[in-house]
Amino acid sequence: MRILALESSCDESAVAVYDDQAGLLAHEIHSQVDLHRVYGGVVPELASRDHVRRLLPLVRAAMTAADTTPAQLDGVAYTAGPGLIGALLTGAALGRSLAFAWNVPAVGIHHLEGHLLAPLLEPEAPPFPHLALLVSGGHTMLIDVAAPGRYQILGETRDDAAGEAFDKSAKLLGLPYPGGPELARLATGGRATRFDFPRPMLDRAGLEFSFSGLKTAVSLAVRDQASAGTLDEGTRADIAAGVQEAIVDTLVRKTLRALEQTGRDALVVAGGVGANRALRQRLDDAAARAGARVFYPRIEFCTDNAAMIAVAGMARLKAGQHETPAIRARASWSLQDLGSLQELGS
Ligand code: KG4
Ligand code: ZN
């Protein structure tokens, strides 16, 4: 079985061709980072318009790279939510229409399920059940994954997501958008101990997160250093290292707590912040001490891509799920509302 997959929930236009025997045959991506940079963040209307321009040429490029004709395709998967509604609709409209024209089934995929299943693209796939730490620009969640499709949210953020905390802190430090990777780069030369940033909710039982207080603390530190005339490159690196440490420390300690509570011995780390080296290092060490193995997607599949949508799409199409001819997308959509995929989990 071979499928085409589209991702357009935010600021990456991406297309993949995936085969259940041969694996990933092609994946193409166009990042809109340059388009949004001057605004310091994603402008939804511009994102939608750019997806409209980019997606079809990416489909052609992916089909060519995969040496695949439409007649060889058995289905089309596209991200149907959650995300920016205009951006989602461009991919949903294209995906649904291509499937209609090619007379194959289409399936709308939950973006976070894509992130959660991305490690299945790696040679060593995670076992089910497992615990998942999902850390992206829009979400921070600990999820018990009993089987593909069966997701129980154990805890999530009450306000900002971990990626948002990286991005907002980076902006306060004057780093260009998107700030997460830039802040991580700046942090490598800094001392994490000089600034002691808050680690909210750690003192409380439970698995919830809160990162909104961090940006206030960072903005105060930046202001104080600037007014003292000491906001030099070294200080900025120390602040960056302190922020990264506060975020990583919070994520690692709550994840350990969740491993203990659930008794799971495998951990999946997914989403854009999963690309962060410091987080990977600390999670590897902590999980090893707790007797758990950690599974990551490769770095390029931590952030948004269509390969992960293809994996989820293949599973759901094989389980017999497909859409009516209506084009549907949803800006918000709970992971817990997804139907299970019994056959994949066994
Ligand atoms: O999963 P993703 O590509 O998009 C969403 O679905 O949100 O995640 C993007 C987020 C951004 O906040 C970005 O700054 C963050 O992931 N990110 C990182 C790193 N790479 C991406 N944060 C920290 N360190 C990184 N290396
Ligand atoms: Zn994402």
Side-chain angles (χ1 to χ4, degrees), residues 4-18 24 26-63 65-66 76-95 98 108-119 121 134-139 161-164 166-167 170 176-182 184 270-276 296-313 329-331 333:
L4 178 79
L6 312 176
E7 155 64 32
S8 70
S9 64
C10 189
D11 59 345
E12 330 278 349
S13 316
V15 177
V17 179
Y18 184 66
L24 187 62
H27 65 101
E28 300 284 331
I29 188 159
H30 172 80
S31 169
Q32 302 179 354
V33 161
D34 292 342
L35 176 68
H36 300 294
R37 185 175 286 123
V38 305
Y39 304 97
V42 178
V43 182
E45 184 62 19
L46 295 182
S48 315
R49 284 164 185 259
D50 206 50
H51 287 308
V52 170
R53 286 198 321 143
R54 305 285 176 181
L55 280 171
L56 255 184
L58 289 171
V59 168
R60 287 204 188 91
M63 296 284 279
V76 177
Y78 50 85
T79 305
L84 302 172
I85 191 65
L88 287 165
L89 277 169
T90 64
L94 178 60
L98 286 175
I109 294 300
H110 193 294
H111 181 77
L112 299 184
E113 177 167 69
H115 277 302
L116 288 173
L117 299 184
L121 287 158
L134 182 67
V135 272
S136 70
H139 297 87
E164 220 174 337
F166 266 104
D167 294 343
Y177 159 87
E182 294 285 339
V273 182
N276 185 274
Y296 303 94
R298 73 194 78 163
I299 297 277
E300 70 175 317
F301 293 158
C302 283
T303 47
D304 292 348
N305 65 86
M308 68 185 195
I309 302 304
V311 173
R330 338 179 178 182
W333 183 7

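Numbering starts at 1 and runs along the sequence shown.
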- Query: Any idea how His36 and Tyr177 line up, ring-wise: parallel (<30°), tilted (30 to 60°), or perpendicular (>60°)?
  - Reply: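 Ring orientation, 0 to 90° scale: perpendicular.
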Hey, does [Y] have a side-chain heavy atom less than 4.5 Å from the side chain of [X]?
X      : Y      : answer
Leu121 : Tyr18  : yes
Asn276 : Phe166 : yes
Asp304 : Ser9   : yes
His111 : Cys10  : no

Minimum heavy-atom distance between [X] and [Y], given as atom pair plus value:
X      : Y      : result
Leu58  : Ser13  : CD1-O, 3.3 Å
Ala26  : Ala62  : CB-O, 3.4 Å
Met308 : Gly114 : CB-O, 3.2 Å
Ile309 : Ala77  : O-CB, 4.1 Å
Asp167 : Gly180 : OD1-N, 2.9 Å
Leu35  : Leu46  : CD2-O, 3.9 Å

- Run the numbers on Leu94 and Val76 for side-chain contact (heavy atoms from CB on, under 4.5 Å), then give the verdict. CA-CA 10 Å; Leu94 178 60; Val76 177; over 6 Å; no
So, the side chain of [X] versus the backbone of [Y]: is there a donor-acceptor pair under 3.5 Å, distance only?
X      : Y      : value
Asn305 : Thr303 : yes
Glu164 : Ala161 : yes
Thr79  : Gly81  : no
Glu28  : Val15  : no
His30  : Glu12  : no

- Item | Under the side-chain contact (heavy atoms from CB on, under 4.5 Å) test, residues paired with Thr90 that sit two or more places apart |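 Result, side-chain contact (heavy atoms from CB on, under 4.5 Å) vs Thr90: Ser8, Ser48, His51, Val52, Leu55.
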- Message: Holding to side-chain contact (heavy atoms from CB on, under 4.5 Å), I want the full list of residues that pass it with Ala275, two or more places apart in sequence or in another chain.
- Response: Ile299, Cys302
- Message: Checking His27 against Phe301 for the ring-ring contact (aromatic ring centres under 6.0 Å, His included) test, could you report, in this order, the C-alpha distance in whole Å, the side-chain angles of both residues, the deciding distance, and whether it holds?
- Response: CA-CA 10 Å; His27 65 101; Phe301 293 158; 4.9 Å; yes
- Query: Taking only residues two or more places apart in sequence, or in another chain, which ones meet Arg298 in a salt bridge (charged side-chain N to carboxylate O under 4.0 Å, His left out)?
  - Reply: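 Testing Arg298 for salt bridge (charged side-chain N to carboxylate O under 4.0 Å, His left out), a comparison that skips the adjacent residues, returns Glu122.
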- Measure the CZ-CG distance between Arg330 and Leu88 for me, rounded to the nearest 0.5 Å.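 Nearest 0.5 Å value for the CZ-CG distance: 11.0 Å.
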- Item | Straight-line distance of Leu112 CG to Trp333 CH2, nearest 0.5 Å |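 Answer for the CG-CH2 pair, Leu112 versus Trp333, is 10.0 Å.
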